[in-house]
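Input: a single structure, listed below in structure tokens.
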Amino acid sequence: MSETRSAPLYCPYCGEEDLRPNEDGHGAWECHACARVFTVKFGGLLSRVVSR
């Protein structure tokens, strides 16, 4: 399994793509369009398969 993670493609708040890693925390990103800092965290897997 890879140690690197994919970068988010857009800000979840404003939708802009001007994102840069934040130095304050692991997985934290800062949006230079709306000046928000957010984190991306893996929450886990479902215990069952969800059918559509």
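The residues of the chain are indexed from 1 along the displayed sequence.
- Clustering of Ile, Leu, Val, Met, Phe, Trp and Tyr side chains at separations under 4.5 Å places F42 together with L45.
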Without placing hydrogens or testing angles, list every side-chain donor-acceptor pair under 3.5 Å for residues 30-37, not counting sequence neighbours.
unit_1, atom_1, unit_2, atom_2, d
E30, OE1, N22, ND2, 2.8
E30, OE2, H32, NE2, 2.9
H32, ND1, R20, NH1, 3.3

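- Looking at residues two or more places apart in sequence or on another chain, you find a side chain to side chain contact (heavy atoms under 4.5 Å, CB included) between P21 and W29.
- Considering all non-hydrogen atoms of both residues, F38 and Y10 come closest at CZ-O, 4.5 Å.
- Applying the side-chain hydrogen bond (donor to acceptor under 3.5 Å, both in side chains) test to residues at least two apart or on different chains, none of the pairs has a partner in residues 38-47.
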